[in-house]
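Step one of this worksheet: look at the structure below.
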Amino acid sequence: MARTDLQGTLDLLVLKTLASTGALHGYGIVVHIQRVSDDLLRVEEGSLYPALHRMEQNGWIKSEWALTETNRKAKFYRLTEAGKRELAKAETSFDELVKGVRAVLRYA
Amino acid sequence: MSLIRRVMNLFRHSQVNREIEAELRAHIAMRTEENIAAGMPPETARRNALLRFGNPTSMREQVAGADAALHLEHVAADLRYAGRQLLHSPGFAFTAVITLAVAIAANAVVFSVLNALVLRPLNLPGARSLYSIEQTGEPVNSYPDYRDLRDRNRTFDGIAVYNFNDAGFDAGGNPQRSYIYEASGNYFDVLGVHPYLGRFFSSADEHGPNSAPYIVLSYSFWRTRFHGDPAAVGRTAEVNRHTFTIIGVAPRGFRGSELMYAPDFWLPIVEQQQIDGTSTLDNRNDRSLWLIGRLKPQVTVAQATGDLATIAAYLKKTYPVTDDGIRFSLARPGLAGDMLGGPARAFAAGLMVLAGLILLAACANLGSLFAARASDRAREIALRVALGSTRRRIVRQLLTEALLISAAGGACGITAAVILLRGLSAWQPLPQFPVNVPVNPDATTYAVAAALALASGLLFGLAPLRQVFGTAPWEVVKSGMRATGRKKWFTMREVLLVVQIAACAVLMTSSLVALRGLERSLHSDFGFEPTRALVVDTDLSMADYRGDRIPEMQRRMIDSASALPGVGAAGIIDNLPLGLGWSITSVYRQGTTDFRTATEAAEPAQYSITPGYFAAAGTTLLAGRDFTWHDDKNAPLVAIVNREFARKVFGGLNHAVGSRFIAGAKGKTVEVVGVVEDGMYISLTEDPRPAFFRPMLQVPLSSTEMVVRTTGDPAAVAPLLDQAMKKLDDAMPFGLMTWERQLDSALFAARVATIALGVLGLLGALLAITGIFGMASYQVSRRLREMGIRMVLGAGNRQVLRAALGSAFRLLAVGSGAGMLLGLAATRVLAAIVYQASPRDPVVLAGTVAAMLLVGLLATWAPAQRALHVNPSMLMREE
């Protein structure tokens, strides 16, 4: 059974973003998700940062301070090996969720 | 590691907050820039960025909250909470801490002993390449053989020889008995030690007999006798009335090449003539010296053994009379070769296994204690899970409690172990010999103890987890039911408990058997009567008595002792039976001309005695006569033999008196004039051993023991005897004690075994009690409600007790039965150490059963009380 919730979905989005971009800071993640989803998804800052710190404590991502292109110091996040495994799990889980919800919508 | 990070975070708490703030500020700044780039005026751009972000303070707290889940502050909070929880149930905490402390202390002590005796025998540089060289299974060699080994080997960097002795030491005024090593010149070089002060003697000092009158003091002797005065080096001192120069002090902690013998000083073995009065250095047949060699680098034990075999072949061919059948082998040094080392190592390893079992048992007990506790707290935990606490939080909570217990238990255990080991290191088991076992704990001991405590903490801490999470929380909350699993035939816990009860019963049986054996030893027939007798231990050569002056002085000692009031008889013997020294001589039938092992008639113990010894010792003369003072060197050579000797050599008591035999290869023919009863001579567990006695006037010796038989309390005679001896010669060092005290050395092994087994038996019992206690309280708390209902329905105390404790007692019965059977088998091994150790002793069997019943009663008392005092109405209302 797919176990997922809204928080899980946010984690999935963040992990996927970091997987495709390498290292990115919080603001970059917000912008990336918004752009890639054609403005359909807008990540709330109020949820993003606690989620980032929680994932870091879980060992899925790690952070370091570095300079942005505009020479500003920012905290960059990067996927760890554990994060990659978590991402794979979360993707499967999400696929099942979508399938399940579709099935319910079709027959209900 | 994350824990380190957490600790760091704790110290930089404000810094963490600053970091979060900086991260959030960077975000707002970037959003503002983007907004400006998109064409907003700066003020609006910033407002927009802040608006999207929401309340920065609450945001910062949320982020910090995500970080905080694993902060050390929470570990501290967990610890505080766990501490409070444990204080709420002091009985549980106390039992758990004591159980663990006992197991850790036992393991630390036994490990230290193992470490001291087996793992690092000699605390010397490169000790791994040091080996004792044994000859035909005995750790002693002759000096001429030693010279051949030293000069002909190709596999040793060096081989040193040494011997133990005692000597009168006088550095001005006060002569005292001291204990020494006589060692070859290369001794210190082979061992690789360097002097603390001055210099050591070396091979360059040896120029034949009596050429090197030097002594090297041990550090502790230098501290006690010379108060650590550096000027002691260079001074002279009298050793057995011969002048020696103190040339150096050995480093602290260096006690020579034997682990348990702490000498006062070392002197060159070429001085043997001066010290002993005689020299054995030219006698290839006198094997009394100990060899230690250092292997060359990269030489294996097998190569060295092969090399020694070549030398043995040469010796056999060159000296067929003395070295026939000789072979050499290597043994780990430090414990008198394999003679003491073999049994000591086996004993230490056996103890370690037992200690390991105790630790396992302790873990099992703690597991069931924790399980009982978790069961009592099932509701609390279920409630917490239901209220949203994560499993992780609860696991952490339980583990914190377990670790707190293991830290406390480990600390108590290590403290107890250190105290015990200090005592053991200071213990001098043999009153007349400087023997002790230095087993001070080292870093390895502490590390092992701490690791054991931690590992067992995790082990028993995790035990109840399955039980906690195996039950659905809603079930527990709903029904208030204690965790009910499927009933299996055996749970792991029950198996462990049975094993541990069995181990406890084994230890009980063994220690009772040992105790009974020891008790019997104390009252067995030694062939002499140690009660109401005093022993004066002298070596007349220490006061420079030589030649004819020795027997003359011995006679004066006997006469002055016999004249004291309260003294029945007095006599002198060279070595007390069951004492530390003995001598074995081959005897041959009259007319033998070919002296080989195959032609000898017996290998009896040989003693040299004065007239009056048998009367003083309480040994019964069975036939013939005692010696008189006329059996001197001008009279025909005579001997008195024991019954076993008479049986073996002459075919019976009646044929002995008047018969003759040859004492020693190519020895003199002596005539038997008397037969005495059999006795014990070398060890309490020996088979009947032939022995013969020669008159001291015909076999004179300077180092002797005078036995003084008292008619009343020996303590009353002792001061008189002390005065009388001092009056004879105030420069003569002597020792005075009761014969019973002197016998301690014979009982030493049996005593150590009994004490060790007794202590382990007690520990085993303690653990069995906590184990059964844990199990029984678990059962009772699981079924408390059921008990209440049964009582309401009219069940009597007996039914309630059976329901509550039946399974605990069943386990006790099964475990005790198995343990006693094993114990009966195990005590066969004990027979080698303890006199007449027989497991088929009704006292032992009854004692074990009684002890196990007592264990059961003690362990189930509190749970039984709890079960009986259930208040059904209270219990029902609670639900």
Side-chain angles (χ1 to χ4, degrees), chain A residues 3 5-8 10-11 14-15 17-18 21 23-36 39 41-78 80-83 86, chain B residues 1-6 8-10 12 15-38 45-46 48-75 388 390-393 396:
Chain A
R3 289 178 55 134
D5 48 28
L6 294 174
Q7 194 182 52
L10 176 58
D11 289 357
V14 172
L15 290 173
T17 303
L18 292 178
T21 60
L24 206 55
H25 46 73
Y27 178 68
I29 294 171
V30 174
V31 174
H32 178 89
I33 292 174
Q34 195 170 348
R35 199 179 61 228
V36 170
D39 266 354
L41 296 176
R42 191 169 289 186
V43 176
E44 292 276 335
E45 282 88 344
S47 325
L48 175 68
Y49 281 97
L52 279 172
H53 282 245
R54 186 169 34 73
M55 287 193 276
E56 189 179 5
Q57 291 291 355
N58 287 346
W60 299 346
I61 57 179
K62 59 180 187 224
S63 65
E64 62 187 345
W65 286 90
L67 289 180
T68 64
E69 306 109 63
T70 56
N71 257 356
R72 180 177 295 284
K73 254 183 83 179
K75 206 171 176 185
F76 281 74
Y77 292 90
R78 177 188 301 281
T80 63
E81 280 308 312
E86 185 60 31
Chain B
M1 207 204 109
S2 65
L3 185 69
I4 295 169
R5 199 179 65 218
R6 273 181 252 158
M8 300 291 283
N9 281 355
L10 189 66
R12 334 171 298 182
Q15 197 188 330
V16 170
N17 274 338
R18 266 205 304 279
E19 214 179 296
I20 294 172
E21 230 168 69
E23 184 179 13
L24 302 183
R25 252 204 319 274
H27 182 106
I28 294 169
M30 280 189 273
R31 171 72 73 189
T32 315
E33 272 169 32
E34 200 103 326
N35 283 347
I36 293 173
R46 183 165 168 73
N48 172 277
L50 282 173
L51 260 172
R52 280 166 178 256
F53 211 81
N55 181 343
T57 313
S58 110
M59 170 78 125
R60 200 178 61 220
E61 267 167 13
Q62 274 184 46
V63 177
D67 277 349
L70 286 166
H71 268 331
L72 194 71
E73 288 162 82
H74 283 247
V75 174
T390 62
R391 289 188 166 201
R392 193 173 164 157
R393 284 289 303 161
R396 270 182 53 194

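All chains are named by letter (A, B, ...) in the order of the sequence lines, taking the proteins before the strands, and each is independently numbered beginning at 1.
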- Task: Give, as side chain, backbone, both or neither, the part of B:L24 having an atom under 4.5 angstrom from any heavy atom of chain A.
- Result: side chain
- Looking only at B:E34, B:R31, B:E33, the option with the highest number of non-hydrogen pairs under 4.5 Å against chain A is B:R31
- Item | Which atoms of A:T70 approach chain B - backbone, side chain, both or neither, heavy atom under 4.5 Å | side chain
- Kindly compute the distance separating CD (B:E23) from OH (A:Y49), expressed to the nearest 0.5 Å. 5.0 Å
- Item | Stepwise side chain to side chain contact (heavy atoms under 4.5 Å, CB included) check, B:H27 with A:H25 | CA-CA 8 Å; B:H27 182 106; A:H25 46 73; over 6 Å; no
- Query: Just how far is it from atom CG of B:L50 to atom CD of A:E45, taken to the nearest 0.5 Å?
  - Reply: 10.5 Å
- Task: For B:M30 and A:A74, work out which heavy atoms get closest and say how close.
- Result: CE-CB, 4.0 Å
- Item | Residue A:E44 excluded, over 12 heavy atoms near CD under 6.0 Å | no
